[in-house]
Protein chains: 2
Amino acid sequence: MSASARIIPVILSGGAGKRLWPLSRLGRTKQFVSLGGEGSLLRQTAERVSDEDRFAAPMIVAAEEDEEAIVAELAGLGPPRLILEPGPRGTAAAVALAAAEAAEEDLLLVLPSDHAIGDTAAFLDAVERAAPAAAEGWLVTFGIRPDRPETGYGYISRGRALADGLFEAAAFVEKPPHEMAELFLAHGDHDWNAGIFLFRADAMTAALGLHAPEVLAGVRASLAAARREGTRLSLDGEAFAAIPAISIDRAVMEKADRVAVLPVTMGWSDLGSWDAVHALGPRDANGNLLSGDVVAPDSRNCLVRSDGPVVVALGVEDLIVVATERAVLVARRGESQRVGEALDALESRRQKPAD
Amino acid sequence: MSASARIIPVILSGGAGKRLWPLSRLGRTKQFVSLGGEGSLLRQTAERVSDEDRFAAPMIVAAEEDEEAIVAELAGLGPPRLILEPGPRGTAAAVALAAAEAAEEDLLLVLPSDHAIGDTAAFLDAVERAAPAAAEGWLVTFGIRPDRPETGYGYISRGRALADGLFEAAAFVEKPPHEMAELFLAHGDHDWNAGIFLFRADAMTAALGLHAPEVLAGVRASLAAARREGTRLSLDGEAFAAIPAISIDRAVMEKADRVAVLPVTMGWSDLGSWDAVHALGPRDANGNLLSGDVVAPDSRNCLVRSDGPVVVALGVEDLIVVATERAVLVARRGESQRVGEALDALESRRQKPAD
């Protein structure tokens, strides 16, 4: 590719969910945490698209308060373009910002900052294969081949073939019931929506204008009032707060005409729960994934992680144990997605009078 | 009883073992901790012998550095006589100190400060029944009826009957192998040595003179150089450090001639492991013993305790979970006695070069 055809990575460094509690209590969102021992997820994401022959300097759309952490985390990788949001407004606003900041013909590769991709070569190959369709105006999504009937993700069903390995996206199904997820898995014609997209900036802007005009207008108003210093862009709080908070999937991808899906197998995980972290991580001979000041004698198939205290896990099996100075999680493997419920229970107990 | 016949409780507030790690890391030894929600074990011990018709003010043999904690813990119970040790020298020295400080004909009731006794009436009744033999010069031990083949305790075998419910102690067996402990349990003629003793001060002094003369001489030399302020006695460090460190069981009880055992069922537990704490504690309908800032949805038969961080125990069974800011234990129930091993493993790992 020529330099002018380089792809601009757009790394979304937004909020973190409850599911990786208690790390969330450390004041660090998930992308700043090392979950597999190879640096933070954010840094891994940036490194994955750091080949200057293929990619331009990334745009990073992030929370204003994370600026320092991001710069520190990406030290040595070349200066990113920072788009700093005064508050979270969902991925539609973030993608619209990047599209509005780019030149019309630029190809943008949208990447969540807190996912793992085990097979970088497969990922880069998929991006290369998707580029021609994106250059023609297709909004290309990368579909992850499901290996289980996950009910927490969105699915994309494949329509007619557009090119070798590329399909029109026939429908988006968000968080299907279990029976439907089983069917999707059995039929093999649905892929997970990983939130990774490749498109021309003007194609996305046009789709936003058609399907989410308030988002686009809000982003433009906010950009008009933004402060710019070098590669750093700070958005105006008042205009930004008026933008509807919505995801790019819901705002555009589910509605637009020319949406394609490129199924890819690349060792992807959203590391959305400690179970997912355990499944992906480098486990020892006992099936344990240990990190921090931890020992686990006679323990098997456990994730034991400390970001502070000494942890002794003695004679236990199939547990998730995560400890910080302020909070500790001990969960049966397979249950770690339910941490949110437990926290709600804790919260409601605290609101009762002390017993 | 007349006032002159009152018994002097001698509460031994010595060191704590490793087994209740990680509480030991809080800088509080076990007797200062509330394990069942009814105040510290030390205070419970003192309250158990606070009836002024039966008992004189207690002597408390304690570590010098614990003075403040003891005074605070016993606030409102009347001033104890404090015997402050500059370092730990074992229970023989502690008992010898109390015996030397008492009048010859005083009856001394030696009590560990970190045990639980569920049935105070049974305990007081046993003390009353033992008093006549003690007044005659017997060293009376209180034997706990075993309910399991515990290999971590000492056993006392019953010899000939001396009076109703009182037996000569035929032999002491320290930490028997499992097969032997099974036999003891089956035969029913062995009781656990709980380290609770009743004796005349002069009978103990005489037995110490015969069987542990170095301990007695060391204690006397240390007392000669001690500082006295009111009810507070501070021992001389140099003389005290020369005393052989040995238990009163090994120094005297296993060897002396007139040793008796009074078997008693009184809901005793040494709370020597988290399993013991769980077994004794007030469990909820799910079999959980929870304390501190803790929730345990869908969890059963667990002890979950926090002395600091929020703890979420989610969908787990038969676990011991104890958390402080600096250390966390997660152990299968039945394994908590092995914490010492795990700590040794941690220590040896730390001495290796970082990997």
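Lettering follows sequence order; numbering is per chain, from 1. Values in this document were obtained by computation on a predicted structure and should not be read as measured data.
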A:Asp249-A:Asn193 side chain donor-acceptor pair, cut-off 3.5 Å | yes

Which residue pairs pass the salt bridge (charged side-chain N to carboxylate O under 4.0 Å, His left out) test when at least one of the two sits in residues 67-77 of chain A, sequence neighbours left out?
-> A:Glu67-A:Arg232

Pick whichever of A:Asp293, A:Val321, A:Asp298 has the most heavy-atom pairs under 4.5 Å with chain B.
-> A:Asp293

Considering only heavy atoms, which portion of A:Ala342 lies under 4.5 Å from any heavy atom of chain B: side chain, backbone, both, or neither?
-> both

Ion pair B:Arg305/B:Asp307, N-O distance below 4.0 Å | yes

Among all residues two or more places apart in sequence or in another chain, which pass the salt bridge (charged side-chain N to carboxylate O under 4.0 Å, His left out) test with A:Glu341?
-> A:Arg338

Most contacts with chain A, counted as non-hydrogen pairs under 4.5 angstrom, among B:Pro309, B:Gly334, B:Pro297 | B:Pro309

When the 4.5 angstrom heavy-atom criterion is applied to B:Leu319 and chain A, the contacting part is side chain

By a 4.5 Å heavy-atom criterion (distance strictly below it), what part of B:Val311 contacts chain A: side chain, backbone, both, or neither?
-> both

Fit a plane to each ring of A:Phe184 and A:Tyr155, take the angle between them on a 0 to 90° scale, and name the class: parallel (under 30°), tilted (30 to 60°) or perpendicular (over 60°).
-> tilted

